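Have a look at the structure below, then the notes.
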Amino acid sequence: MQRKLDLADIQGNIVRPYGRYGFPVTRHIFYNIGDAAAGRTFVEKLRHEVTTSERWRDVDARPGSHAPERPKVAINVGFTFRGLMALGLPTRTLGGLPTEFIDGMARRWSLLGDTGSSSPNSWDPIWRGTGSDKEVHVWVALNAPALPDGSPTPDLDARTQWVDQIAAKTGGVTRLSGNKGPNPEWQESSAIMRELPDGTRVPTAKEHFGYTDGISDPAFAGQYEPAEEADEVKGGGKFAVNSKTWEPLATGEFLLGHPSEAQELPATTAPWSFMRNGTFMVWRKLHQNIGSFEAYIDDQAEQFMRVGGVSSIDAARETLKAKIVGRWSSGIPLAVAPTYDEARKLEAEWEDVLAIQLKGAKRTKAELARQLAYELMLTDFRYISDVPGARCPMSAHTRRANPRDAQDPHFGLAKAPPPGSDLTNRRRILRRGAPYGDTTRRDNDSEHGVIFMVICSNLFGQFEFLQQQWVQYGSAFNAGNDTDPLIGGHGPNAKYVIPAGPANPDGPYICANLPQFIETRGGDYFFLPSLTALREIAQGSVDPT
Ligand code: HEM
């Protein structure tokens with residue numbers, strides 16, 4: 001039976017990746033609450049404008065339903081633990097919150113692998129503020145569409161001014177400065193734009209290393225309308241061994257107050273009404289060392305071409321990149337196309353779909369059907385036909401981050417029942433981030449990377465588990481001490497082993513001396529309250545008794 005959620009009570013960024021809904025630009029603004037009453041007034045003014053998860057007319061609502069229009073700017077809000085304290089929440093409610101949320105991201109540095117150039121003392125100034133008047137308490141995100149020249153619509157500036165004004169009027173809520181980048185007053189993230197022959201600029205799904213991102217995302221019960229759900233769960237949901245079908249993940253993995261994959265309500269504090277339909281968000285600024293990444297790929301490609309059985313330097317470069325992430329730059333998974341030639345062939349077969357994606361044009365019914373078939377090819381796969389990782393290495397970024405069926409205890413055992421995804425179903429994360437910064441300079445020092453945002457109901461069991469056990473350790477993937485080849489901490493002599501496969505049949509290829517490709521530049525954990533909880537905060541009526 002289709003699960004129904006109270007979408008009007010749930011913040012919109014939980015259900016929707018806004019980039020796919022016509023909002024390629026996000027402005028992240030951070031505030032400090034100096035006075036609890038002022039903070040509550042700020043929340044009271046803001047909450048009426050917060051974008052919910054309701055379906056939008058002419059977008060995803062059922063025809064004829066009384067759905068609201070898509071907003072000009074989608075607004076969402078979250079609070080750090082210190083922010084909830086500054087708002088004067090009852091001690092009993094504060095004390096029952098999860099310990100990792102109470103700690104905040106900086107204090108979890110060791111578990112998250114934020115050492116060396118990623119350590120909190122090298123983060124952007126806004127994340128290093130000391131003293132209660134410098135702490136980040138509130139995150140306000142303003143998500144806007146783009147004009148044909150790629151810049152955000154003027155509504156974004158208008159909304160920024162409005163939020164600033166309501167903060168200033170309270171006399172106790174201050175916007176925090178200290179974001180590194182063009183404007184220290186806020187952090188902007190945006191889809192990387194591409195210029196078309198007619199001069200218009202359209203959003204792409206690319207990140208700075210050139211990969212296509214934002215393809216695979218979990219699908220949970222109640223997130224989609226039934227017709228959409230049937231497709232979204234393929235690859236996005238959980239694989240049920242008995243029925244051999246994909247099903248939506250339990251709502252409680254991503255929303256508090258709903259049963260999780262363990263058939264339990266995720267641990268929360270009191271009162272229930274305050275936590276229900278809320279969730280947690282990881283906000284993490286990840287710098288990308290583009291110079292090191294491209295130089296390393298160029299350097300290894302020479303050698304890989306000699307020993308790896310590929311015919312050209314381009315093929316070697318592209319194959320190495322694909323082996324690191326688990327997908328070709330176009331997004332096609334290695335699990336579907338394990339060699340350069342197969343990937344090129346598929347890309348040619350789907351050229352029409354890829355071209356339309358770039359044009360951003362309205363699609364005909366036939367074009368939409370082609371698009372859907374393409375998207376299913378990108379997500380609807382498992383690893384059972386590739387136990388040794390000959391196609392997609394076990395340690396590749398996407399296979400680590402979502403091993404699908406590959407963590408099942410029966411995986412790869414002869415005469416065992418087919419593997420399911422039970423052990424992975426509790427480790428899924430909704431990714432809601434986007435690139436930031438300079439797209440033209442291919443060096444290490446310019447400001448560019450990803451504003452990585454994760455939504456999950458259990459920060460410790462989902463995001464932190466992934467980051468610690470699957471990104472920074474290798475044992476679950478028979479990779480010893482090797483960390484994730486793309487985003488892991490690469491200390492001295494870090495390496496990545498590409499098992500023998502169609503691209504290198506003579507034996508494994510070892511990528512030696514991996515440089516550091518990603519560095520953390522700041523962030524924190526935020527609670528994203530429901531609309532009910534925002535009202536309780538604003539009224540000062542959170543009552544744990
Ligand atoms: C700058 C940093 C990062 C870059 C450039 C990056 C890049 C990518 C790319 C290109 C994909 C494939 C596209 C897709 O499946 O949507 C991907 C997938 C994914 N990444 Fe990352 N990533 C980064 C950071 C992270 C972090 C920190 C985590 C978690 C701790 C993570 C978790 C995932 C997950 C869960 C998937 C989906 C895998 C699947 O479902 O098959 N990524 N990433």
Side-chain angles (χ1 to χ4, degrees), residues 17 19-20 105 108 111-114 118 189 192 204-219 232-239 246 249 253-254 282-290 292-293 321-336 375 377-383 392 394 396-407 421 424-425 427-437 448-456 459 461-473 483-489 516-521 523:
R20 278 200 239 153
M105 188 182 286
R108 311 289 283 181
L111 182 149
L112 298 175
D114 285 336
S118 286
S189 59
I192 294 179
T204 68
K206 293 289 179 189
E207 56 68 57
H208 288 292
F209 292 150
Y211 295 105
T212 307
D213 204 356
I215 299 169
S216 174
D217 210 30
E232 294 288 343
V233 294
K234 292 177 187 152
K238 57 184 177 191
F239 189 73
W246 292 97
L249 288 152
E253 294 298 316
F254 306 101
V282 177
W283 194 100
R284 206 158 151 81
K285 182 170 174 180
L286 298 177
H287 172 78
Q288 290 179 261
N289 286 324
I290 304 180
S292 296
F293 182 78
K321 278 184 74 174
K323 292 283 185 184
I324 286 175
V325 151
R327 289 185 186 273
W328 298 91
S329 302
S330 60
I332 292 176
L334 278 174
V336 173
E375 283 172 7
M377 177 190 65
L378 298 190
T379 53
D380 183 7
F381 64 88
R382 291 178 299 139
Y383 292 114
C392 177
M394 280 170 276
H397 173 61
T398 50
R399 191 159 167 173
R400 278 177 177 249
N402 176 12
R404 299 172 186 241
D405 50 343
Q407 289 294 305
S421 57
T424 301
N425 297 343
R427 313 290 181 201
R428 305 294 303 279
I429 52 173
L430 293 165
R431 288 176 303 141
R432 294 287 180 262
Y436 71 88
H448 41 215
V450 167
I451 300 299
F452 180 74
M453 287 151 70
V454 159
I455 285 170
C456 57
L459 290 165
Q462 290 164 280
F463 168 67
E464 289 194 340
F465 179 94
L466 226 89
Q467 179 70 27
Q468 185 189 36
Q469 302 291 327
W470 288 353
V471 170
Q472 303 292 19
Y473 292 153
T483 63
D484 183 303
L486 185 76
I487 63 166
Q516 191 62 41
F517 296 137
I518 303 293
E519 288 166 3
T520 312
R521 290 286 158 84

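As the structure is a computational prediction, the values presented were derived from the model and not from experiment. Just follow the structure's listing: the first ligand is 1, and inside any ligand the first atom is 1.
At a threshold of 4.0 Å, the pair Arg432-Asp217 counts as salt-bridged, since one of the basic side-chain nitrogens sits closer than that to a carboxylate oxygen. Look at Arg428 and Glu253 and you find no salt bridge, because none of the NZ, NE, NH1 or NH2 atoms lies under 4.0 Å from a carboxylate O.
Under 4.0 Å from ligand 1, heavy atoms of Ile215 appear from its side chain as well as its backbone.
Distances between N or O atoms of Gln467 and those of ligand 1 include no value under 3.5 Å. Between Glu207 and ligand 1, a contact under 3.5 Å exists for no N or O pair.
Taking a cut-off of under 4.0 Å to the non-hydrogen atoms of Arg404, the atoms of ligand 1 that pass are 39 (C), 40 (O), 41 (O). For ligand 1, the atoms lying closer than 4.0 Å to a non-hydrogen atom of Leu466 are 29 (C), 30 (C). The atoms of ligand 1 that sit less than 4.0 Å from any heavy atom of Gly214 are 16 (O). In summary, the atoms of ligand 1 found under 4.0 Å from a heavy atom of Ser216, numbered by their order in the structure, are 14 (C), 15 (O), 16 (O), 39 (C), 40 (O), 41 (O).
To the nearest 0.5 Å, the span separating NZ on Lys238 from CH2 on Trp246 amounts to 12.0 Å. Atom CE of residue Met394 and atom CD of residue Gln407 lie 10.5 Å apart, to the nearest 0.5 angstrom. The distance from the CD atom of Gln469 to the CG atom of Leu111 is 8.0 Å, given to the nearest 0.5 Å.
Protein heavy atom in closest approach to atom 15 (O) of ligand 1: Arg327 NE, 3.1 Å. Distance from atom 1 (C) of ligand 1 to its nearest protein heavy atom, with residue and atom name: Ile518 CD1, 3.2 Å. The nearest heavy-atom contact from the protein to atom 38 (C) of ligand 1 is Asn402 CB, 3.8 Å.
The aromatic rings of Phe452 and Phe463 are tilted relative to each other, their planes meeting at an angle between 30° and 60°.
For Ser189, the side-chain contact (heavy atoms from CB on, under 4.5 Å) criterion is met by Thr26, His28, Ala434, Tyr436, Ile451, not counting sequence neighbours.
Across Leu378, Thr398, Ile215, a single residue satisfies side-chain contact (heavy atoms from CB on, under 4.5 Å) together with Pro333, and that is Leu378.
Excluding water, every protein N/O/S atom under 2.8 Å from atom 21 (Fe) of ligand 1 is given here by residue and atom: His397 NE2.
For the residue pair Gln516 / Asn289, no side-chain donor-acceptor distance below 3.5 Å is found, with atom types taken as modelled. Residues Thr520 and Lys285 have side chains that never bring a donor and an acceptor to within less than 3.5 angstrom of each other.
Nearest to atom 10 (C) of ligand 1 by heavy-atom distance, out of Tyr211, Trp470, Phe209, is Tyr211.
The closest approach between Thr212 and ligand 1 falls below 4.0 Å for a heavy atom of the residue. Judged by the shortest distance from any of its heavy atoms, Arg399 lies outside the 4.0 Å radius around the atoms of ligand 1.
Counting non-hydrogen atoms of neighbouring residues, nucleotides and ligands closer than 6.0 angstrom, the CZ atom of Phe465 exceeds 12 such neighbours.
Side-chain atoms of Gln468 do not come within 3.5 Å of backbone N or O of Val471 as any donor-acceptor pair.
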